[in-house]
Amino acid sequence: MRESIQLPIIDLTSPDPISTARAIRQACVDVGFFYLINHGVDEKLFKEVLEQSKNFFSLPLEDKMKLVRRNHRGYTPLYAEKLDTSSTTQGDSKESFYIGSLEGKSVVSKLNQWPAEGIRLISLIALALDLDEDFFHKAGACDSPNGFLRLLHYPGELQLSEQVVYGASAHSDYGMLTLLATDGVGGLQVCREKFNRPQIWEDVHHLSGAFIVNIGDMMERWTNCLFRSTLHRVMPTGQERYSMAFFLDPNPDCMVECLKSCCSDSSPPRYPPIRAGEYLEERLKVTYVS
Ligand SMILES: O=C(O)CCC(=O)C(=O)O
Ligand SMILES: [Fe+2]
């Protein structure tokens, strides 16, 4: 039988920020994933986005290809991306559409509701790291953050192939935080110990109305691996699936550098400082098959 994981539940409206921060710390240290409830994003809005996403992906391929990805915005067809760059399988069995600003600061600040929630979460994460709640703001991460929404569609039926086909092959996210909403169809799995063999994959269940939040690699670098950017993937279930992921990444000029509270003489920084924009560019470059 396949294992499933009970992720911690964080309530964004909880009146005590210190105990919420403590619960977030525990979740980020243990598994790097949690459910976020009472996040303030209207259910009606979510349903509308889902509806529009279905409309878009049902267009003929040639129409979708007119909007093919440029500068990490736009349409990516089936098999274009391979998140597990070490695997020899073909590209992932999903199509997606990246939404986000291509222009200057004023447009970024007019993004939809998600960044406000994400940024509130970032303050709680700072508290969870025993930092001032505006630490990531002062570090320049939240001044015009690089936020983008990715609509995803996993077809139910797959091409007949000798190879294993993943919806999304094993990967960790690249940025600071990811907020994920799905249509309720399963398939998402996490692997808590990526170096163990065999790897153990656990199913993440849908929790109605909640976002699934996970830590990305830049946050892992900031915290010297105290907070975990956990390996995850989407397995095909034979059922069509829609999801949307909001990636909240630092301002591209923000330096991501090991926090003083997360290193010591006996535990020196594992990664050198890096500009957020450079890091993201590098990671995105290697995941696209074409
Ligand atoms: O669709 C999902 O459930 C997960 C997507 C994901 O992990 C990603 O796009 O990074
Ligand atoms: Fe992911």
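Both ligands and their constituent atoms are indexed starting at 1 by order of listing.
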Walk me through whether Lys64 and Glu95 qualify under salt bridge (Lys or Arg N to Asp or Glu O under 4.0 Å). CA-CA 10 Å; Lys64 291 184 281 191; Glu95 51 182 346; 2.9 Å; yes

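The existence of a salt bridge linking Glu193 and Arg228 is confirmed by a sub-4.0 Å separation between a basic side-chain nitrogen and an acidic carboxylate oxygen. At a threshold of 4.0 Å, the pair Glu43-Lys47 counts as salt-bridged, since one of the basic side-chain nitrogens sits closer than that to a carboxylate oxygen.
Nearest heavy-atom pair across Leu129 and Ser261 is O-OG, 4.0 Å.
One side chain, Asp92 or Ser169, offers a donor N or O that lies under 3.5 Å from an acceptor on the other.
Angle NE2(His232) to the Fe ion (ligand 2) to OD1(Asp173), rounded to 10°: 90°.
When Phe148, Phe246, Tyr75 are each tested for a ring pair (Phe, Tyr, Trp, His ring centres under 6.0 Å) with Tyr98, only one passes: Phe148.
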Does ligand 1 have any N/O pairs with the protein under 3.5 Å, and how far apart?
unit_1, atom_1, unit_2, atom_2, d
ligand 1, 1 (O), Tyr154, OH, 2.6
ligand 1, 1 (O), Arg241, NH1, 3.0
ligand 1, 1 (O), Ser243, OG, 2.7
ligand 1, 3 (O), Arg241, NH1, 3.0
ligand 1, 3 (O), Arg241, NH2, 2.9
ligand 1, 7 (O), His171, NE2, 3.1
ligand 1, 7 (O), His232, NE2, 3.1
ligand 1, 10 (O), His171, NE2, 3.0
ligand 1, 10 (O), Asp173, OD1, 3.1

